[in-house]
Amino acid sequence: MSSTSFNLGSLISSIANTNPRTLGAPIFILAVLFMMILPLPPLALDLMFSFNIALSLMVMIAAIYTVRPLDFAAFPTILLITTLLRLSLNVASTRGVLLHGHEGPDAAGKVIEAFANFLVGGNLAVGLVVFTILMVINFAVITKGAGRIAEVSARFTLDAMPGKQMAIDADLNAGLIGEDEARKRRQEIAQEAEFFGSMDGASKFVRGDAMAGVLILFINIIGGLAVGIAQHDLSFAEAGHIYVMLAIGDGLVAQVPALVISIAAGLVVARVGQGEDIGQQVATQLLKSPQAIAITSVILLLMGLIPGMPNFSFISLAAALGYFAHHLSQKDSLVKKTDKAELDQKVQQATADIQEASWDDIMPVDTVALEVGYRLISLVDEKQEGDLLKRIKAIRKKFAQEVGFLPPPVHLRDNLELRPSVYRILLKGVCMGEGEVFPNQLMAINPGKVTMTLPGSSTKDPAFGLPAIWIDPEKKDQANSAGYTVVDASTVVATHMSHILQLSASKLLGRTETQLLLDHFAKTTPKIIEDLVPKTVELSVVQKVLQNLLDESVHIRDLRTIFETLLDYGQHHKNPNDLTAAVRIALGQSIVQSLIGMSDELSVLVLEPRLEQMISQAASGGSEAMAIDPNLAENLARQSAEAAVRQEQIGHQPVLLVPDNLRLPMARLLKRASPNLRVLSHSEIPESRSIRVAQIIGANK
């Protein structure tokens, strides 16, 4: 007994210490269930009906001010609770009507009496017609439409999930977003799918509630007539007047909140766009055109002049709309005049500030620059929610982490000579790439496995040349479902910028960057830098070795190995190419791992022995010169490119394995014909990796 008392006391104590918000939901649901079982006095019914109306209004107003569906993620649960509340009130009011209806019209409370008498004027026919119309509006129009929207939204959201996940992974891999942002976006995608799936199911509750309202009305009418005639000895006319009116009042007091909740459900699932609620969208989109309002005003005026028409209503409304259109037109003209005045003032100020030419007018050429047309200024303007600046910062950070040095800052400027939607990427004043993007559209890139063709403007991805289509934002989910990779304009520019920086890494490593790299490394290992520059090699030699490595896509993150190798060989070799060859051998394990990962086998291309001997004789004059027949060089380049393509098609990185003395001249010869082909020497292959000859270049076919 003491143990039971102790457990009961602990339970009461834990409930008392619980947050009241966590207890509200279970208490409310239990109270609703008890209303179906326990009889309620008329005053309690009035309070609960009033609460039901207030709750439905709160839900609808909250739906109106919802910016996006996920902001009201609790709506499916609220929909179920309000439906259960209405059904419980129907049961409680039916009990009150059948037990005490003969006592007077207020037997089931003042609210039902008011709806029965005030709203329909106490007329049975009017009451039935009004109730039927409300049922048709709720069931056949609003509920059916909202349910269809929720069903289609749930289907498209689920179909688009893989594409959205791929887009997030692409942004994460490109360094455009961090791990936390990627995790947040994935959660939003999952929540969106769960929300529309729940709304699809919750809409069935609303439809079921509407059908139950019709059945409850007829059951109340039949039951009331039976009780009035059989138990209270009322005539058929008296019983019909009392119980039918109460049944209609009961049905109306339940269906009005149901209609409000159905409207709220339609508003939530039909939301399109983000950042504005319904009122803001209507004000900015419907009322933004003075021409549309003025034309409407003229049409109403003409209708008001037709004989027999309600002239006062049409003419007065036409006058109001005409005045409103004139007000909007004046406001737009004032804005345009203000903008023109500001522009003229800036031009005059710029003209007044013109001075004589001086040495200060000579501006240094930016190492990296991005020029944009005037329509793309919004991409770099943070006030207009442009995020291109943040993306470029992320690109520089990712470049430093992958390549091994910090690239120069990117200077952004507008260029009125460019077409409005064109951008241009320059390195030391030379255009390295350009493209055209549209801020209000999305680029759907075809990775090669799309299931359907989308309508839109055909184009190509400026970074990799893949076929793409410019689409409207509304078609994003459809494009993701079809297998396209969908990106916005900022992502297109940022990806193109990242690709060019990777390809031009050696050109970005100047003397300044090399010295900064040495200074940064000296913070942790000062002795190596002290012995290296300028005691062993000059700064220019270090720069050239690093540039040679970057030219062939070898990262320079392992500075310790690079600098220690230069210390070992720099005493006897001053030629940067010879030093580069020694550094590549020291970095062999890292180079091979970047090509094949953790695989133990390296698939390579090799030269036919007689061809290799011929090229070796041609290169005997030195590693920097290789005098071979032009036709032979052309055939060698062509066969190497074809072999590299075949290797890529089977998923292997194309690698050509040659003797040490041929590595540099062969790399220079084949770089233009096959940029993706990597040329390695025998000394660069670690002993832990095995070699498999995939193709022999120059062999008789």
Side-chain angles (χ1 to χ4, degrees), residues 401-405 502 505-506 517 521 525 528 532 536-537 542 544-573 575-609 611-613 615-616 619 623 640 643-644 646-648 650-671 674-697:
Q401 293 172 346
E402 291 183 350
V403 179
F405 73 95
Q502 294 282 348
S506 62
L517 195 62
F521 187 75
T525 54
I528 293 179
L532 180 63
T536 305
V537 293
V542 176
K544 183 60 178 176
V545 170
L546 296 178
Q547 286 179 331
N548 288 342
L549 294 172
L550 294 172
D551 258 335
E552 297 191 51
S553 302
V554 178
H555 67 74
I556 57 174
R557 296 197 305 269
D558 189 5
L559 290 176
R560 178 183 290 273
T561 300
I562 296 173
F563 291 158
E564 287 181 349
T565 305
L566 292 178
L567 280 173
D568 294 337
Y569 289 86
Q571 297 288 349
H572 309 289
H573 301 276
N575 189 316
N577 292 330
D578 296 337
L579 294 174
T580 302
V583 171
R584 285 181 60 93
I585 294 174
L587 295 174
Q589 184 73 40
S590 175
I591 294 174
V592 173
Q593 180 171 311
S594 68
L595 298 176
I596 62 172
M598 302 306 296
S599 176
D600 294 330
E601 185 179 71
L602 175 62
S603 178
V604 299
L605 312 173
V606 297
L607 298 175
E608 194 271 334
L611 176 62
E612 182 179 291
Q613 183 179 3
I615 296 175
S616 296
S623 61
S640 300
R646 287 193 290 269
Q647 285 290 92
E648 290 179 333
I650 62 176
H652 291 165
Q653 170 66 44
V655 176
L656 176 63
L657 186 63
V658 297
D660 293 7
N661 65 318
L662 295 185
R663 200 213 65 80
L664 181 58
M666 288 298 295
R668 291 179 175 177
L669 175 64
L670 302 177
K671 183 175 182 180
S674 182
N676 293 331
L677 178 63
R678 299 289 179 260
V679 182
L680 301 184
S681 67
H682 292 287
S683 300
E684 293 172 2
I685 307 299
E687 296 179 357
S688 59
R689 305 296 178 105
S690 60
I691 298 174
R692 183 177 65 85
V693 177
Q695 298 179 58
I696 300 177
I697 298 175

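Values below: all heavy atoms of this structure, side chains included; hydrogens, waters and symmetry mates excluded. Bear in mind that the values here come from a model prediction, so they are computed numbers and not experimental data.
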Practice item. Please tell me if the side chains of E552 and R678 come closer than 4.5 Å, counting only heavy atoms from C-beta onward. Key: no

Point to revise | Heavy-atom side-chain contact between L579 and P576 under 4.5 Å | key: no

Check your understanding: Is a side-chain N or O of Q653 found less than 3.5 angstrom from the main chain of L602, in a donor-acceptor match?
Key -> no

Practice item. Look up atom NE2 in H572 and atom CG in D578, then write down how far apart they are to the nearest 0.5 Å. Key: 13.0 Å

Check your understanding: So with a 6.0 Å cut-off around CD of E601, is the heavy-atom count from everything else above 12?
Key -> yes

Practice item. Might you work through the side chain to side chain contact (heavy atoms under 4.5 Å, CB included) test for L664 and V679, ending with a clear yes or no? Key: CA-CA 8 Å; L664 181 58; V679 182; over 6 Å; no

Review point. Quick one: does E612's side chain get under 4.5 Å of V658's, heavy atoms only?
Key: no

Check your understanding: Where the side chain of S690 meets the backbone of D600, is there a donor-acceptor pair that is under 3.5 Å apart?
Key -> yes

Exercise for review: Please round to the nearest 0.5 Å and tell me the distance separating atom CG of L605 and atom CD of Q647.
Suggested key: 5.0 Å

Review point. What distance do L595 atom CG and S603 atom OG have between them, rounded to the nearest 0.5 Å?
Key: 11.5 Å

**Study point:** For I697 against L656, the heavy-atom pair lying closest together
**Key:** CD1-CD1, 4.0 Å

Check your understanding: Distance from I596 atom CD1 to R689 atom CZ, nearest 0.5 Å?
Key -> 4.5 Å

Check your understanding: Less than 4.5 Å apart, any side-chain heavy atom of R584 and any of S681?
Key -> no

Review point. Counting distance only, does the side-chain N/O of S674 pair as donor-acceptor with the main-chain N or O of L670 below 3.5 Å?
Key: no

Point to revise | Least distance between heavy atoms, L677 atom then S640 atom | key: CD2-CB, 4.2 Å

Check your understanding: Taking NZ, NE, NH1 and NH2 as the nitrogens, is one of them in R663 or E684 under 4.0 Å from a carboxylate oxygen of the other?
Key -> yes

Check your understanding: Any side-chain heavy atom of Q502 sitting closer than 4.5 Å to one from S553?
Key -> no

Exercise for review: Check whether any side-chain heavy atom of L662 sits under 4.5 Å from a side-chain heavy atom of S616, and report yes or no.
Suggested key: yes

Check your understanding: Do I556 and F405 pass the side chain to side chain contact (heavy atoms under 4.5 Å, CB included) test, and can you show the C-alpha distance, the side-chain angles, and the key distance before you say yes or no?
Key -> CA-CA 8 Å; I556 57 174; F405 73 95; 3.8 Å; yes

Check your understanding: Do R668 and P665 have side chains that get closer than 4.5 Å, going by heavy atoms?
Key -> no

Check your understanding: Which atom names give the shortest non-hydrogen contact between A586 and T561, and what distance separates them?
Key -> CB-CG2, 3.8 Å

Exercise for review: Dump the intermediate steps for side chain to side chain contact (heavy atoms under 4.5 Å, CB included) on N577 and V545, then the final yes or no.
Suggested key: CA-CA 7 Å; N577 292 330; V545 170; over 6 Å; no

Point to revise | R557 (side chain) donor-acceptor with V403 (main chain) under 3.5 angstrom | key: no

Revision key, fill the gap. Interatomic distance, CG@L657 vs CG@L607, rounded to 0.5 Å, equals 9.0 Å

Revision key, fill the gap. The side-chain contact (heavy atoms from CB on, under 4.5 Å) partner of V583 among L587, T580, I585 is L587

Practice item. Indicate yes or no for a side-chain donor-acceptor contact from R646 to the backbone of Q695 under 3.5 Å, with no hydrogens or angles considered. Key: no

Practice item. Please assess L680 against I591 for the test side chain to side chain contact (heavy atoms under 4.5 Å, CB included), listing each intermediate value before the final yes or no. Key: CA-CA 9 Å; L680 301 184; I591 294 174; 3.9 Å; yes

Review point. Has F521 got more than 12 heavy atoms of other residues, nucleotides or ligands less than 6.0 Å from its CZ?
Key: yes

Exercise for review: Spell out, as yes or no, whether a donor-acceptor pair under 3.5 Å connects the side chain of H652 to the backbone of P654.
Suggested key: no

Review point. Does a side-chain heavy-atom distance below 4.5 Å link P686 with V592?
Key: yes

Check your understanding: Out of curiosity, I528 CD1 to T536 OG1, how far, rounded to the nearest 0.5 Å?
Key -> 11.0 Å

Point to revise | For H682 against P659, the heavy-atom pair lying closest together | key: CD2-CA, 3.4 Å

